[in-house]
Q: 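Take a look at this one; I'll ask things after.
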Amino acid sequence: MSRLQPVRGTSDLLPENMANHNLVINAARKASACYGFQEMATPIFEFLEVFSRPLGASSDIVTKENYSFEDRGGEMLTLRPENTAGVVRAMISGGLTQSLPLKYFYAGPMFRYERPQKGRMRQFHQVGIEYLGPDDALSDAETIACGARFLDSIGVLGDCDLHLNSLGDAESRALYRDALLEYLKKFSGDLSDDSKMRLLVNPLRILDSKDSGDRNILQNAPKFPDYLNGVSQIRFENLTSALDRVGVAWFFNPLLVRGLDYYCHTAFEFVTNSLGAQGTVLGGGRYDGLSEMLGGPPVAGIGWAAGVERLTMLVEGVLPNSPKVAVVTADDAAQQAAFHLAEQLRDAGIDIDFPTNGAMRKKLKKADKANIHLVIILGSDELSKNTVLLRNLSNGSQEEIALDFADNGGLVAAIAKSLLAP
RNA sequence: GCGGGUGUAGCUCAGUUGGUUAGAGCGCCAGUUUGUGGUACUGGAGGUCGCCGGUUCGAAACCGGUCACUCGCCCCA
């Protein structure tokens, strides 16, 4: 730490960014409410096992990308790298498996010890939903439609392709895994080093390798769809026809795989080309095995998470909220009365900026820069006459209005009228 | 974790084959305007050239290391 820098991979959210950040979060909140998802939050740290058990020893997220530490009581804790495990943990520890189905929305920071890049931070923010209980195809359709509606509401759906795949049920997956392994073993010497490793640990992951040698080998590999059993096939067709029916565009991507063991059936990602290598903007899937892995009863579930920073980069900028009215004193004699008036106007529901520093000229200059439309000017002259000046910075007009601390309804009305005018 | 690029004022960037006191525009502050913003003009502040070390009479520039950002790999949101 040579200078006062933010920690690597973290950044401050100053008001300009924060406004866009909140725009994205609020849009997700609104879209999920539309489907009956209710907002909740889990702690940002959990016992290590909450993530290590379900994510599995083979997962990068657990093996090298987590922030884990021992607390003063000797417990091993982990800053959450994602929120699904936490939500399911909350369902189990809260005894909520008695009240299924559950539909949850969350927003908050996540932590992964990764090499930072554009769109990839060590502390980043996600919004997401989890739909716990149902295991039918239409609950998948609802979840995906909710994601599409969210992206559409912030104007980025058009930039995105929806990649969709089915990992099938456990039986289908085991069959395919065996077939793929048998095929790939013949080429094991020619695979990339990474994929040689995956052959042992998690062969399905080789499917989305970007290594050109691997891709060549994969050309003639057994195809996942051929190994889906009847039940899994029908389920997938139910999902896709539901999406088609409501006009959610998708394309089949048999290479879209999830590394984690508890994923099954539906896997999907909304991907954009506008962000370089970090193109996945919203991704999720079905995780029917997760609850049991955490030690709970079997509870089906599906959900998605979206990266707030990534989406913010795609969204048209908005300005932070700020007052449109300022109370400005012309001289020190009016300070107390001006403060009083500012409070009274806030009581009436008007956001007021009350600069206390500098000459009147300077305050007006600042007000202009801050896009303030109306300035209420109060000085000794006005005080002696019991009036204020209402100056409109947009058109330069100015009028004198009565000041009466017992009832300033007239002033409030004049301000409201002026704010409504174009 | 691996490979490439970049780092000079708050911001965007100049800075010649290594040469003496490192520049511009925007922004900021002040004045022209002692009770009135935007425009204009004038002036001012602001830099250990990312950091540490080395080469050299002399380094913002060359070399090494390091930190940060960035592009790709990996992984994913």
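Residue numbering restarts at 1 for every chain, and letters A, B, ... go by the order of the sequence lines.
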Q: Quick one: does any side-chain atom of A:E82 pair with a main-chain N or O of A:T84 as donor and acceptor, under 3.5 Å?
A: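 Yes, A:E82 side chain to A:T84 backbone: donor-acceptor pair under 3.5 Å.
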Q: Would you mind classifying the nucleic acid contact of A:G284 as base, sugar-phosphate or nothing, using non-hydrogen atoms under 4.0 angstrom?
A: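 Here A:G284 touches no strand at all.
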Q: Within the 4.0 Å heavy-atom criterion, would you say A:A367 contacts the bases, only the backbone, or no part of the nucleic acid?
A: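 Here A:A367 touches no strand at all.
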Q: On a heavy-atom basis, which atom in A:K324 and which in A:N371 lie closest, and how many Å separate them?
A: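 Scanning both residues, the minimum pair turns out to be CD-O, 3.8 Å.
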Q: Using the P atom as the reference point in each nucleotide, state the distance between B:G4 and B:G10 in Å, no decimals.
A: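 My reading of the P atoms in B:G4 and B:G10 gives 31 Å.
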Q: Using a 4.0 Å heavy-atom cut-off to protein, can you give one letter per nucleotide of nucleotides 35-44 of chain B, 5' to 3': B if the base is in contact, S if only the sugar-phosphate is, - if neither?
A: BBBB------
Q: For residues 141-152 of chain A, pull every pair meeting side chain to side chain donor-acceptor pair (under 3.5 Å), keeping only residues two or more places apart or in separate chains.
A: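 Checked against side chain to side chain donor-acceptor pair (under 3.5 Å) - neighbours excluded - the pairs reaching residues 141-152 of chain A are A:Y35-A:R149.
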Q: Taking any strand in view, what nucleotide pairs with B:G58 in a Watson-Crick or G-U wobble way, both distances under 3.5 Å?
A: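 Its partner is none (no Watson-Crick or G-U wobble pair with both distances under 3.5 Å).
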Q: For atom C1', what is the distance between B:A14 and B:A22, given to the nearest Å?
A: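 Looking at atom C1' only, B:A14 and B:A22 are 11 Å apart.
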Q: B:G23 and B:U8: how far apart are their C1' atoms, nearest whole angstrom?
A: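 Nearest-Å result for B:G23 against B:U8 at atom C1': 10 Å.
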Q: Between A:M121 (CE) and B:A68 (P), how many Å, whole number?
A: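 One finds 14 Å between P of B:A68 and CE of A:M121, rounded.
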Q: Report all interatomic pairs (protein N or O, nucleotide N or O of nucleotides 3-5 of chain B) with separations under 3.5 Å.
A:
from : atom 1 : to     : atom 2 : distance (Å)
B:G3 : O6     : A:R115 : NH2    : 2.9

Q: Return yes if some donor-acceptor pair links the side-chain N/O of A:N20 with the main-chain N/O of A:V318 below 3.5 Å, else return no.
A: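 A pair under 3.5 Å: yes.
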Q: Distance check needed: B:C73 C1' versus A:Q117 CD, whole Å only.
A: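 Going from CD in A:Q117 over to C1' in B:C73 covers 9 Å.
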Q: Working note: A:R235 + A:D169, criterion salt bridge (charged side-chain N to carboxylate O under 4.0 Å, His left out); need CA distance, chi angles, decisive distance, verdict.
A: CA-CA 10 Å; A:R235 196 183 184 289; A:D169 56 15; over 6 Å; no
Q: Need the pair for B:U39. Rule: Watson-Crick or G-U wobble, both distances under 3.5 Å, any strand; none if unpaired.
A: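 Pair assignment: B:U39 / none.
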Q: For B:U33, which nucleotide in any strand shown is its Watson-Crick or wobble partner with both distances under 3.5 Å?
A: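 Pairing partner: none.
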Q: Could you tell me how far B:U48 sits from B:U42 if I compare only their P atoms? Round to whole Å.
A: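 Nearest-Å result for B:U42 against B:U48 at atom P: 29 Å.
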Q: Between A:P6 and A:G279, who's closer to the 5' end of RNA chain B by nearest nucleotide?
A: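 Closer to the 5' end of RNA chain B: A:P6.
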Q: Could you pull out all residues at least two apart from A:E292 that satisfy side chain to side chain donor-acceptor pair (under 3.5 Å)?
A: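 Counting only residues at least two positions away or on another chain, A:E292 forms no side chain to side chain donor-acceptor pair (under 3.5 Å).
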Q: Write down the distance between CZ (A:R122) and C1' (B:C67), rounded to a whole number of angstrom.
A: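 For the pair A:R122 CZ and B:C67 C1', the rounded distance is 12 Å.
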Q: Just to be sure I understand the rule, does A:K362 reach a base, reach only the sugar-phosphate, or reach nothing, if contact means heavy atoms closer than 4.0 Å?
A: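 Sugar-phosphate only.
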Q: Mind checking the P distance from B:A60 to B:U20? Whole angstroms is fine.
A: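 These two P atoms come out 10 Å apart once rounded.
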Q: Could you tell me whether a side-chain N or O of A:D288 sits under 3.5 Å from a main-chain N or O of A:G301, the two making a donor and an acceptor?
A: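 Checked: pair present.
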Q: Across all strands, who's sitting opposite B:C51 as a Watson-Crick or G-U wobble pair, both distances under 3.5 Å?
A: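 Partner of B:C51: B:G65.
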Q: For a quick check, tell me whether the side chain of A:R120 and the base of B:A77 share a donor-acceptor pair closer than 3.5 Å.
A: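 No such pair is found, so the answer is no.
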Q: Determine which nucleotide pairs with B:C13, using a 3.5 Å limit on both distances of a Watson-Crick or G-U wobble pair.
A: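 Pairing partner, where one exists within any strand: B:G23.
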Q: Can you tell me how far C1' of B:C69 sits from CE of A:M313, to the nearest Å?
A: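 Going from CE in A:M313 over to C1' in B:C69 covers 14 Å.
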Q: Evaluate A:V299 against A:L102 for side-chain contact (heavy atoms from CB on, under 4.5 Å), listing each step before the verdict.
A: CA-CA 11 Å; A:V299 175; A:L102 298 167; over 6 Å; no
Q: Can you tell me the pairing partner of B:G1 across any strand shown, Watson-Crick or G-U wobble, with both distances under 3.5 angstrom?
A: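 Paired with B:G1, as far as the under-3.5 Å criterion goes, is B:C73.
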Q: Find the distance A:Y106:OH to B:A77:P and express it as a whole number of Å.
A: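 It works out to 9 Å between those atoms.
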Q: Only pairs at least two apart or in different chains count here, so list each ring pair (Phe, Tyr, Trp, His ring centres under 6.0 Å) that has a residue in residues 358-410 of chain A.
A: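 Every pair satisfying ring pair (Phe, Tyr, Trp, His ring centres under 6.0 Å) with a residue in residues 358-410 of chain A: A:H340-A:F405.
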Q: With C1' as the reference atom in both, quote the distance from B:G46 to B:G65 in angstrom, rounded to an integer.
A: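 Those two atoms are separated by 31 Å.
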Q: Holding to side chain to side chain contact (heavy atoms under 4.5 Å, CB included), I want the full list of residues that pass it with A:A367, two or more places apart in sequence or in another chain.
A: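 With neighbours one apart ignored, the set is A:I372, A:V375, A:L393.
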Q: If I pick the C1' atom on B:G44 and the same atom on B:G7, what distance separates them, to the nearest angstrom?
A: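 It comes out at 29 Å once rounded to the nearest Å.
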Q: A:R310 has an atom CZ; how far is it from atom C1' of B:A77, in whole Å?
A: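 Whole-Å distance recorded here is 5 Å.
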Q: Check every strand shown and say whether A:G9 touches a base, only sugar-phosphate, or nothing at a heavy-atom separation below 4.0 Å.
A: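 Sugar-phosphate, no base atom in range.
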Q: Going by distance alone, is a donor N or O of one side chain under 3.5 Å from an acceptor N or O of the other, for A:S139 and A:R286?
A: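 Looking only at side-chain atoms, A:R286 and A:S139 do form a donor-acceptor pair, the distance falling under 3.5 Å.
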Q: Are A:F268 and A:H163 an aromatic pair by the rule of ring centers under 6.0 Å?
A: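 No: the rings miss the under 6.0 Å criterion.
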Q: Which residue lies toward the 5' end of RNA chain B, A:R8 or A:H125, if each is placed at its nearest nucleotide?
A: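 Checking each residue's closest nucleotide, the 5'-ward one belongs to A:R8.
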Q: What's the gap between B:U66 and B:C26 when it is taken at their P atoms, as a whole Å value?
A: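 Those two atoms are separated by 41 Å.
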Q: Between atom CZ in A:R112 and atom P in B:C75, what is the gap in whole Å?
A: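 For the pair A:R112 CZ and B:C75 P, the rounded distance is 13 Å.
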Q: For A:E82 and B:C75, give me the distance from atom CD to atom C1', rounded to whole Å.
A: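 It works out to 14 Å between those atoms.
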